[in-house]
Amino acid sequence: MFCNKENVNILTALLVAHGVRNAVVCPGSRNVPIVHNLNECSEIACHPVTDERSAGFYALGMAQFLQQPVVVCVTSGSALLNLAPAIAEAYYQHQSIIAVSADRPAAWIDQLDGQTLSQSDALGRFVRKAVTLPEPENDEERWYCNRLVNEALMAARQRGSGPVHINVPISEPLYDFSVLALPSERKIEWLSAYSPQVVAFSKLKKHLEHASKPMIVIGQVSENVISPFWITLNRQNAVILQESLSGFGNESHIEEVLTMIGDDTRYLPDLILYIGGNIVSKRLKQFLRQARNIESWAISEDGVVHDTFMQLQYVIECGVESLPDRLWEGAVNGAHQAYCALWQTLMMRAEDCIDTFIPPYSQMAVVRMFEQKMNDQFHGMAFVHYANSSSVRVGNIYGRRYHYVNRGVNGIEGSLSTAAGFSLVCRERIYLVIGDLSFFYDQNALWNERLRGNLRILLLNNGGGGIFNRFEGLKQSAAREQLVMGCHHTSAESLCQTYGLTYLCAHNEEELYRSAMSDFLSLESESPVLLEVFTDIQEDSRALAEFEAMFNHCFNS
């Protein structure tokens, strides 16, 4: 029988799954549920040591001989601090010690309660990873707890091995041992970059070939890291989803296709391979998180767990450029072809719908015109940056080339400065499409006398944060316009005069089409050029609504 503490049971199950076979345990009260569980596991041998300082070195000696991770378990309070000398020694010896500390609930830290101190980072820089587990109350917290334990146990073996710290808050009552069996927990397996990568890729290929509905999701990667040839070669066997920041263009039309799919589970994969960094589409994340009992792999340059779709099982530590050209060894699989055809049909319908929809004068119309003219005039001779929020989302509809965008944390600040810095070290034209709040927030980027005429800024000014205008629930709040959307009546014209930029503007469709966009793209200038296009925030929302309606009509007709 095991304890009734869910975080302790998740921890115990994963210690067994990751091959931990020895634990040094110290006496105490708060850590009783952990010690009890370890003792109940036939796979784990428990070794009692009363002095925590000595116990840490006991674990170190075992790890030295076994060359395997060893647990040292202590109770709450100063008991954990006594492990510091042994953990520091293990850090410099590259020995895998798993320090497991029981803790009081967070609410009682620093409240003059007995045996409480801040334990979360008590071992400082001498551990490879420090996690504090939640006491789960719902599925998302259980997933989080599972992920944290997996991350810590993987870190103990990565980059030459080292100690880690798992802190376990445990609420009273402490002594309920009524659970019949440990849960079946998802183990995330790390495939080491230090072993021959051919082994890791061989295993990946085998799993891909056995899947019926494989999907490859490509997040943000550097330009040209993934070639069109690689996409074409592997698209025969898997659905490949990417955005304009994921390669050479957006042919997947993720948002539009998912609108068509709705709740149709036929489109869910049974295996996901995630490559690269962030993706823009929130809808894709929500869609793939619906999948259950599927296999999920990730290519991670640093071996860190990024469990975006909440199903991760395998992490291959390597750079994207190390991927083999072909992920399949055998012939094209019939089941793969059927699954790819299912998605490809909708992608082609989405393409047709986008091509036939002519948006009214709005930010959509501006970006559509910009992207079309870029494709006609520049081909590969210019770089395109997008700011976050509405700008990049509309850019993903019409983009057919690689887009640079700050998607690491998705903030609106710094997009102008990033593009400006890019332009200083590049001879080609740099185009930035940016919304008004992002632009004015980062206006000091223009306070630089070295900026040249290769920097071109397309400023979409609708007088506020337009993305918030689409949230129906927000319309009920009196704080919406001034405090959330940041509505304003500011123009960039005076800024351009101050900083010596060439200023262009358009207030309507006629001005935009007659000369403003053409001048913006073709005008020769020694100084940066800014085109400010004024639109109405309500019309921008209406254009997007019409697009979605037209899109659904294209699909249903």
Side-chain angles (χ1 to χ4, degrees), residues 147 150 154 186-193 197-222 225-243 245-248 250-252 254 257-258 267-281 284-330 332-333 335-340 342-344 347:
R147 198 196 82 206
N150 270 297
M154 290 166 60
R186 170 191 61 151
K187 175 191 175 186
I188 301 177
E189 184 175 340
W190 170 64
L191 302 175
S192 173
Q197 287 190 0
V198 66
V199 176
F201 289 132
S202 176
K203 184 170 185 174
L204 170 61
K205 289 178 180 181
K206 186 178 298 184
H207 284 245
L208 282 166
E209 288 169 2
H210 282 89
S212 298
K213 300 191 292 182
M215 174 182 287
I216 299 173
V217 178
I218 305 176
Q220 185 170 28
V221 295
S222 298
V225 167
I226 297 180
S227 69
F229 172 76
W230 191 94
I231 300 291
T232 301
L233 202 58
N234 289 286
R235 186 170 275 155
Q236 302 173 44
N237 288 87
V239 172
I240 298 181
L241 301 183
Q242 62 177 144
E243 298 169 320
L245 48 74
S246 307
F248 58 93
N250 178 19
E251 298 179 359
S252 303
I254 295 170
V257 168
L258 289 174
Y267 293 85
L268 286 170
D270 61 2
L271 185 149
I272 301 172
L273 172 61
Y274 192 172
I275 300 169
N278 274 284
I279 53 176
V280 175
S281 177
L284 178 61
K285 297 171 191 173
Q286 293 171 335
F287 177 72
L288 292 180
R289 286 169 189 168
Q290 297 177 51
R292 292 292 180 270
N293 301 316
I294 69 168
E295 193 171 318
S296 181
W297 292 66
I299 303 298
S300 176
E301 191 163 8
D302 53 10
V304 172
V305 169
H306 302 293
D307 194 11
T308 308
F309 306 127
M310 304 176 75
Q311 302 286 332
L312 188 62
Q313 293 167 289
Y314 299 94
V315 176
I316 298 179
E317 183 178 335
C318 72
V320 176
E321 67 281 354
S322 299
L323 282 167
D325 286 341
R326 288 183 61 90
L327 294 177
W328 278 267
E329 299 292 352
V332 176
N333 183 303
H336 294 178
Q337 283 186 314
Y339 184 57
C340 291
L342 199 65
W343 276 84
Q344 193 62 37
M347 290 178 187

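All values below come from the heavy atoms of this structure, side chains included, with hydrogens, waters and symmetry mates left out.
Shortest non-hydrogen contact noted between P214 and D270 is N-OD1, 3.8 Å. Residues V217 and I279 approach most closely at CG1-CG2, 4.3 Å, considering heavy atoms. Here the closest non-hydrogen pair linking M215 and P269 is CB-CB, 3.8 Å. Closest of all the heavy-atom pairs between Q313 and I294 is OE1-O, 3.1 Å. For the pair S246 and G219, the tightest heavy-atom approach, listed with the atom from each and the gap, is OG-O, 3.3 Å. The two atoms that bring E317 and G303 nearest to each other are CG-N, 3.5 Å, heavy atoms only.
The shortest side-chain heavy-atom distance between L191 and V199 does not fall under the 4.5 Å cut-off. Between V225 and W230 there is no side-chain heavy-atom pair separated by less than 4.5 Å. With a 4.5 Å cut-off on side-chain heavy atoms, L241 and V257 do not count as touching. Inter-residue side-chain proximity for H336 and W328 is flagged as met; some heavy-atom pair is nearer than 4.5 Å. Residues L208 and N237 have side chains not in contact (no heavy-atom distance under 4.5 Å, counting atoms from C-beta outward). Side-chain contact check for L258 versus Q286: every heavy-atom pair is 4.5 Å or farther apart. The shortest distance between side-chain heavy atoms of I226 and V320 falls below 4.5 Å. Within the 4.5 Å cutoff, the side chain of M347 has heavy atoms near those of the V239 side chain.
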ask   = Between R186 and D307, is a side chain to side chain contact (heavy atoms under 4.5 Å, CB included) present by the stated rule, with each step listed?
value = CA-CA 12 Å; R186 170 191 61 151; D307 194 11; 2.7 Å; yes

request  = For the pair Q337 and Q236, evaluate side chain to side chain contact (heavy atoms under 4.5 Å, CB included) and give the outcome as yes or no after the intermediate values.
outcome  = CA-CA 7 Å; Q337 283 186 314; Q236 302 173 44; over 6 Å; no

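The backbone N or O of T308 lies less than 3.5 Å from a partner atom in the side chain of R289, making a donor-acceptor pair. Using modelled atom types, one side-chain atom of Y339 and one backbone atom of Y267 make a donor-acceptor pair closer than 3.5 Å.
Ring geometry, W297 versus Y314: the interplanar angle falls under 30°, so the pair is classed parallel (tilted spans 30 to 60°).
Legend: residues meeting salt bridge (charged side-chain N to carboxylate O under 4.0 Å, His left out) with K205, ordered by chain and number and at least two apart, are E329. Under the side-chain hydrogen bond (donor to acceptor under 3.5 Å, both in side chains) criterion, Y274 pairs with no residue at all, not counting sequence neighbours.
The CG atom of L284 sits 5.0 Å away from the CD1 atom of I254 when rounded to the nearest 0.5 Å. Note that the CD atom of E295 and the CD1 atom of I272 stand 10.5 Å from one another [nearest 0.5 Å]. Taking CG of L271 as the start and NE2 of H207 as the end, the distance is 8.5 Å to the nearest 0.5 Å. In this structure, CD1 in I275 is found 8.0 Å from CD1 in I240, a value given to the nearest 0.5 Å. Between atom CG of residue N150 and atom CH2 of residue W190 there is a gap of 14.0 Å, rounded to the nearest 0.5 Å. Between atom NZ of residue K206 and atom CG of residue L204 there is a gap of 11.5 Å, rounded to the nearest 0.5 Å.
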